[in-house]
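Report on one structure; see the data block that follows.
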Amino acid sequence: MQQRYSPIRHFLLLAALVFGVEAMTMLALDYFMQENTARWIHAAIDASVMTTLVAVFTWRLFITPLRFAMLSETAQATAILNDAIDAVITLAKDGTIESCNPAAERMFGYQPGVLLSKNIKILMPQSRAGDDDGYFARHVGGRNDQTIARHEELEALRKDGTVFPVDASLTEFRFRGLRRFTCIIRDITERKRVELELTESTAQFRALVEQSIAGISIVQDGKLVYVNPRYAQILGYGSAEELIDRDMTEVVVEADRARVLENQRAQIEGKMPSLSYSYAAPKKDGSAVEIGVHGSAATYRGRLAIIGLMQDISEKKRAEELISQYITQLEKTLLGTVQVATTLSEMRDPYTAGHERRVAEIAVALGAELGFDKKRLEGLRVAGHLHDISKITIPAEILSKPGKLNALEFMMIQGHPQAGYDVLKNVEFPWPVAEVVLQHHERIDGSGYPQGLKGEAILLDARIMAVADVVEAMSSHRPYRAGLGIEMALAEIERGRGSAYDVDVSDACLRLFREKHYQLAA
């Protein structure tokens, strides 16, 4: 049986040897110096004991901690290998697996110890394993003793036959004079999946950008650093490359440059990160095209830039202009038709000629005082012109009767709002004209006609029309009486404020005439 190595035994032998040498030295000196031999023997013994003590002390102080440190480092290295997520395999020169960590066994689907003494080719697909020019054939079985492989992406084979991508690195080392290799293998299946998705996404995005029906540009430092084919096409260029690195001002007409540059500056400085506007752009042939652009501040290659979507809106502009002209023409036609109806009504009742027009003007002034927009004011104007259109159904002798009306005649007069509604209800106005005509004699307290509506049940436009109608009627002459004047009319509005007439409308009317000195038209 092989004897176990003992450091203490070696130190004892060393101490005995030192003692012998010391004793012989002392005896020799005693012989030459004719001194007592025993005294030198004692001195030699003392020296040997001291030497032995020093040796033991040195062993305990330095050698033993170093030995434990080496054992600790080995255990630590073993723990690191066992806990590693990458496969670590050591190979002989012929490709035989000499050791592997648990991660290697898990990665390739083998039980512990099964891979030992197997050839590395067991972990490679057949196509790779039989390839003499393959990765392992080149490096493990190669004849160049200085070969150290860099990282290389390969296909690996699991026990169940599945093939998966790995990143492998191979380094050479020497052990007892023999050539060995350490192979570190990482499963990159997830990385490859992400790379594939990114590649597909990039390709899809590029296809969308390159084939977009909108022009796309990236402006950085005032220059076009990217444009897609559609952008070049809109400006009449044969390819996008013709516009790359051009100053942005070259694709904006001079009259619009300052505004465009100011918009881009606001985007870069973060004042308005996203902005839509239009400008005229010169085409390659010298003509101009109207451009609509939506730009957003972004980061391109690590620096601020503006990404813009651009459309040729020349046709849209022309269409909008034509539509605007058509709408204007329709409005004029509508107002002309309304005026015709008003004229017909006035022809039946010449004594109240101009009443509808003046009521319309007062209603519009009141609406403006209350903050109505232009479109709603136009609706008030139309309703004012038509609010008494039903009088064409009332006999002229009743309309122009100088005396007091009898009950039947008054009932006919009271029926004119309903008759006006019946005439207008099927006309598709963009405003509630028929409803205003129906309600313009209603009162806040329910004392009006024909429905006896109260408060908010009456349209605001109708409440305005009621006040305008009273002010104009009391101020103007009638067949049965002379005009009472504007002050009497305003006194009536004050009297009925909150009961017969809407509070806000009444206040607006009083403010309009007394503070802003509004004058009735002749």
Side-chain angles (χ1 to χ4, degrees), residues 326-349 352-368 370 372-396 398-399 405 408-473 500-502 505:
Y326 182 61
I327 290 174
T328 301
Q329 184 178 356
L330 285 177
E331 289 176 349
K332 290 180 178 179
T333 301
L334 174 62
L335 288 177
T337 303
V338 168
Q339 288 174 358
V340 168
T342 302
T343 301
L344 290 173
S345 177
E346 290 178 349
M347 290 175 66
R348 292 292 311 280
D349 183 15
T352 60
H355 169 70
E356 288 85 355
R357 176 175 54 82
R358 288 191 293 271
V359 168
E361 290 177 357
I362 296 171
V364 169
L366 290 174
L370 291 170
F372 282 18
D373 60 27
K374 184 178 179 180
K375 183 177 179 181
R376 194 169 181 182
L377 292 177
E378 198 62 31
L380 278 175
R381 186 183 304 279
V382 171
H385 277 283
L386 297 175
H387 77 283
D388 278 343
I389 191 172
S390 61
K391 287 184 179 179
I392 60 176
T393 65
I394 300 174
I398 295 178
L399 293 175
L405 300 177
L408 180 61
E409 292 170 339
F410 187 68
M411 286 179 60
M412 292 183 66
I413 293 295
Q414 285 188 318
H416 83 274
Q418 182 66 52
Y421 174 78
D422 292 338
V423 170
L424 299 171
K425 65 182 180 181
N426 294 322
V427 180
E428 294 185 3
F429 291 104
W431 317 281
V433 173
E435 288 76 9
V436 173
V437 170
L438 177 64
Q439 297 177 8
H440 77 277
H441 277 290
E442 300 287 355
R443 297 294 181 257
I444 297 299
D445 57 7
S447 61
Y449 61 87
Q451 296 173 293
L453 299 178
K454 292 183 179 181
E456 297 294 325
I458 307 169
L459 290 174
L460 177 57
D461 300 60
R463 285 177 259 161
I464 293 173
M465 200 64 62
V467 171
D469 189 30
V470 169
V471 170
E472 200 288 326
Y501 314 114
D502 181 89
V505 178

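Please read these numbers as outputs of a predicted model, since none were measured by experiment. FYI, side chains are in, hydrogens and waters are out, and symmetry mates aren't considered; it's all heavy atoms of this structure. Numbering starts at 1 and runs along the sequence shown.
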Work out which heavy atom in [X] is nearest to a heavy atom in [Y]; give both atom names and the distance.
X      : Y      : answer
Asp469 : His440 : OD2-CD2, 3.8 Å
Ala468 : Ala363 : CB-N, 3.8 Å
Tyr501 : Arg443 : CE2-NE, 3.7 Å
Asp502 : Val505 : OD2-N, 3.0 Å
Val437 : Ala383 : CG2-O, 4.4 Å

In terms of the angle between their ring planes, are His441 and His416 parallel, tilted or perpendicular, with boundaries placed at 30° and 60°? perpendicular

So, the side chain of [X] versus the backbone of [Y]: is there a donor-acceptor pair under 3.5 Å, distance only?
X      : Y      : result
Gln439 : Leu459 : yes
Glu442 : Gln451 : yes
Trp431 : Leu377 : no

Sequence neighbours excluded, which residues qualify as salt bridge (charged side-chain N to carboxylate O under 4.0 Å, His left out) partners of Arg376? Asp461

Rounded at 0.5 Å granularity, tell me how far CD in Glu435 sits from CG in Leu424. 9.5 Å

For Leu386 and Val433, run side chain to side chain contact (heavy atoms under 4.5 Å, CB included): C-alpha distance rounded to whole Å, both residues' side-chain angles, the deciding distance at 0.1 Å, then the answer. CA-CA 8 Å; Leu386 297 175; Val433 173; 4.1 Å; yes

Checking Gln418 against Leu438 for the side chain to side chain contact (heavy atoms under 4.5 Å, CB included) test, could you report, in this order, the C-alpha distance in whole Å, the side-chain angles of both residues, the deciding distance, and whether it holds? CA-CA 6 Å; Gln418 182 66 52; Leu438 177 64; 3.5 Å; yes

Is a salt bridge present between Glu456 and Arg463, judged by a nitrogen-to-oxygen distance below 4.0 Å? yes

Result for side-chain contact (heavy atoms from CB on, under 4.5 Å) between Val359 and one of His355, Glu356, Arg357 points to His355

Between Val436 and Leu380, is there a side-chain heavy-atom distance shorter than 4.5 Å? no

